[in-house]
Amino acid sequence: MTIAPGIIKFFRTRLHSWHTGHNSRQLPWKGEKDPYRIWLSEIILQQTRALQGLPYYESFTGTYPTVQALAAAADEDVFRLWQGLGYYNRCKNMLATARYIATELGGHFPRTHEGILALKGVGPYTAAAISSFAYGLPHAVVDGNVYRVLSRFLGIDTPFDTTAGKHQFATAAQLLLDETDSAAHNQAIMDLGATICTPAAPRCADCPLHSKCFAAAKDMTALLPVRSKKIVVKERFFNYIFLLHDGKVWIEKRGAGDIWESLHQPYLAETEKAVDVSVLRQDVLFDNKSIRPHELTDAGMAKQRLTHQLIHCRFYIMHLTDMPMPNGTAGMWLSISELKKLAFPKILVSFLRNNLYF
DNA sequence: AATCCGGGGGG
DNA sequence: CCCCCAGGATT
């Protein structure tokens with residue numbers, strides 16, 4: 001693809017003028033030059049809005065000021081700090097990368113685009129962001145903001161969630177990149193997408209690109225960018241049973257191959273469809289030979305919507321007269337204070353806060 | 001190429 | 001409440 005030189009010049013100069021005004025968002029990672037802190041912020045901000053990621057960035061940089069500090073941390077502590085942010089594989093990969101840098105690279109962050117891109121949890125977007133922000137390397141970022149700005153400005157209607165679309169947007173972004181200051185250019189285009197060229201109701205009257213914007217001229221901002229994905233949402237039914245005995249609660253750690261990997265939960269009986277307490281008692285719980293029958297107390301229900309799943313949760317409490325090891329020994333009996341050191345999915349954090357964390 | 005992985009914000 | 005958002009890994 002090609003872009004007319006006049007359009008490229010217009011895009012760069014208008015974006016630059018807009019950004020050097022008072023228009024950039026003030027966030028703690030802006031202008032940061034420490035590659036560790038830049039990397040940390042970019043991992044946290046993947047699939048995450050700045051205001052949601054902000055408190056996590058503050059707590060991570062405060063608790064782990066250096067890559068060595070993060071590398072030396074215990075897994076559970078890091079997951080607990082990440083609790084609530086979602087996409088927990090980011091946390092797992094972040095920790096693996098910190099340890100790789102600390103042990104294999106002597107604590108020195110890679111200085112080349114190839115070296116950065118090879119890190120776990122770092123893909124094309126994050127590699128371009130770190131390369132430009134930390135080292136001024138000429139790599140254009142392509143994130144959700146860039147898809148929006150470029151599809152509207154250039155009139156690109158190729159779905160961005162396809163191989164062809166990703167390639168087309170990456171090519172366009174690279175052609176438009178102002179290599180004399182790739183850090184400022186990358187920051188500016190994302191700020192424009194976040195504050196002016198927004199998904200709904202873009203502020204075109206305040207946009208520095210308005211006079212040559214394809215979508216603005218054709219009144220097509222609501223139609224761009226184009227997505228092809230049609231998400232199928234699977235419904236699941238989680239019956240959580242808090243097994244209690246002598247001030248302790250049975251807690252398990254979720255394994256690989258499903259949502260919320262490495263996070264914790266009480267005893268879980270998943271069913272094909274919604275079941276009431278009598279069915280749960282007869283068909284599910286009594287099948288587990290290690291748990292003897294006791295009164296099951298209904299403790300309410302809640303729903304958690306994920307991108308591909310809708311989780312219907314029902315909570316129960318069961319006071320036991322002994323301490324069985326449900327599901328073999330893949331869990332542990334913990335005091336309430338010990339729960340506060342572990343990471344749980346948001347739906348369980350809410351329940352614990354309202355029911356067990358006095 | 002298609003699918004999965006959280007949780008927050010806006011209308 | 002429902003709809004939208006969107007990098008990277010995996011298969």
Side-chain angles (χ1 to χ4, degrees), chain A residues 39-56 79 81-97 116-131 139-151 158-167 169-170 173 186 190 193-195 197-203 221-236 238 254-265 302-313 343-351:
Chain A
W39 164 73
L40 203 52
S41 71
E42 293 300 340
I43 299 300
I44 288 171
L45 293 173
Q46 286 170 5
Q47 303 291 102
T48 304
R49 286 180 169 80
L51 286 181
Q52 186 195 355
L54 182 55
Y56 289 87
F79 273 90
L81 214 52
W82 193 274
Q83 173 179 276
L85 195 53
Y87 288 116
Y88 297 90
N89 267 326
R90 287 185 293 167
C91 183
K92 181 180 172 184
N93 288 331
M94 176 185 72
L95 203 39
T97 291
I116 295 165
L117 186 56
L119 300 173
K120 280 186 183 174
V122 173
Y125 162 75
T126 306
I130 298 171
S131 297
H139 296 271
V141 293
V142 185
D143 74 341
N145 294 302
V146 175
Y147 288 139
R148 211 159 46 244
V149 171
L150 297 191
S151 66
T158 312
F160 64 79
D161 56 345
T162 60
T163 301
K166 285 183 172 74
H167 183 257
F169 281 100
N186 279 339
M190 291 192 288
T195 62
C197 197
T198 50
R203 297 163 49 201
T221 55
L223 304 177
L224 296 170
V226 175
R227 291 165 280 278
S228 71
K229 233 181 262 172
K230 46 186 186 309
I231 293 173
V232 179
V233 177
K234 179 185 179 187
E235 292 196 77
R236 299 175 70 180
F238 285 10
R254 292 180 65 81
D258 199 355
I259 59 172
W260 299 326
E261 179 183 339
S262 300
L263 272 59
H264 296 82
Q265 63 187 16
K303 279 190 284 191
Q304 173 74 48
R305 187 178 294 279
L306 282 56
T307 301
H308 291 267
Q309 299 185 27
L310 175 57
I311 314 292
H312 300 265
C313 298
F344 293 87
K346 185 217 167 204
I347 190 102
L348 287 171
V349 171
S350 301
F351 182 87

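The structure presented is a predicted model; accordingly, all values stated were derived computationally and were not measured. We use all heavy atoms of the structure for the numbers below, so side chains are in, but hydrogens, waters and symmetry mates are not. First the proteins, then the strands, lettered A, B, ... as listed; each starts at 1.
For the pair A:I347 and A:V232, nearest-nucleotide mapping onto DNA chain B gives the more 5' position to A:V232. Toward the 5' end of DNA chain B, the nearer of the two residues A:T162 and A:A200, judged by each one's closest nucleotide, is A:T162.
Residues satisfying the salt bridge (Lys or Arg N to Asp or Glu O under 4.0 Å) test with A:R49, not counting sequence neighbours, are none. For A:V232, there are no side chain to side chain contact (heavy atoms under 4.5 Å, CB included) partners, not counting sequence neighbours. Residues satisfying the side chain to side chain donor-acceptor pair (under 3.5 Å) criterion with A:Q47, sequence neighbours excluded, are absent altogether. A:N145 is linked by a side chain to side chain donor-acceptor pair (under 3.5 Å) to A:D143, A:R148, counting only residues two or more places apart in sequence or in another chain. Qualifying salt bridge (Lys or Arg N to Asp or Glu O under 4.0 Å) partners for A:E261, counting only residues two or more places apart in sequence or in other chains: A:K92. In this structure, A:R90 has no salt bridge (Lys or Arg N to Asp or Glu O under 4.0 Å) partners at least two apart in sequence or on a different chain. Partners of A:T198 by side chain to side chain contact (heavy atoms under 4.5 Å, CB included), not counting sequence neighbours, listed by chain and number: A:P202. Taking the salt bridge (Lys or Arg N to Asp or Glu O under 4.0 Å) definition, one finds that A:K346 meets it with nothing, sequence neighbours left out.
In this structure, A:I231 reaches the bases: a heavy-atom distance under 4.0 Å links it to at least one base atom across the strands shown. A:Y88 comes within contact range of the sugar-phosphate backbone alone, with a heavy-atom separation under 4.0 Å but no base atom that close.
Counting only heavy atoms from C-beta outward, the side chains of A:Y56 and A:I43 never approach each other to under 4.5 Å.
A gap of 23 Å separates the P atoms of C:dA9 and B:dG8, to the nearest Å. Across the P atoms, B:dG6 and C:dC2 are found 22 Å apart, a figure rounded to whole Å.
Applying the 4.0 Å criterion to OP1 and OP2 of C:dC5, one finds that A:R227 has a side-chain N or O inside that range.
Helical stems in DNA chain B, defined as runs of 3 or more consecutive Watson-Crick or G-U wobble pairs with both donor-acceptor distances under 3.5 Å, are listed by first residue as B:1-5 with C:7-11, B:7-11 with C:1-5.
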Protein N or O to nucleotides 7-10 of chain C N or O, pairs below 3.5 Å:
from  : atom 1 : to     : atom 2 : distance (Å)
C:dG7 : OP1    : A:G144 : N      : 3.3
C:dG7 : OP2    : A:G144 : N      : 2.5
C:dG7 : N9     : A:Q47  : OE1    : 3.3
C:dG7 : N7     : A:Q47  : OE1    : 3.3
C:dG8 : OP1    : A:G123 : N      : 2.7
C:dG8 : OP1    : A:G123 : O      : 3.3
C:dG8 : OP1    : A:T126 : N      : 2.9
C:dG8 : OP1    : A:T126 : OG1    : 2.5
C:dG8 : OP2    : A:P124 : N      : 3.1
C:dG8 : OP2    : A:Y125 : N      : 3.0
C:dG8 : O5'    : A:G123 : N      : 3.3
C:dA9 : OP1    : A:G121 : N      : 2.6

Residues 81-88 of chain A side chain polar contacts: donor-acceptor under 3.5 Å, at least two apart:
from  : atom 1 : to     : atom 2 : distance (Å)
A:W82 : NE1    : A:G86  : O      : 2.9
A:Q83 : OE1    : A:R80  : NH1    : 3.4
A:Q83 : OE1    : A:F344 : N      : 2.8
A:Y88 : OH     : A:G84  : N      : 3.1

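At distances below 3.5 Å, not a single donor-acceptor pair connects side-chain atoms of A:N93 with backbone N or O atoms of A:K120.
Rounded to whole angstrom, the span from the CG atom of A:L224 across to the P atom of C:dA6 amounts to 14 Å.
Note that the first and last nucleotides of DNA chain B, 5' to 3', having any atom under 4.0 angstrom from a heavy atom of chain A are B:dA1 to B:dG8.
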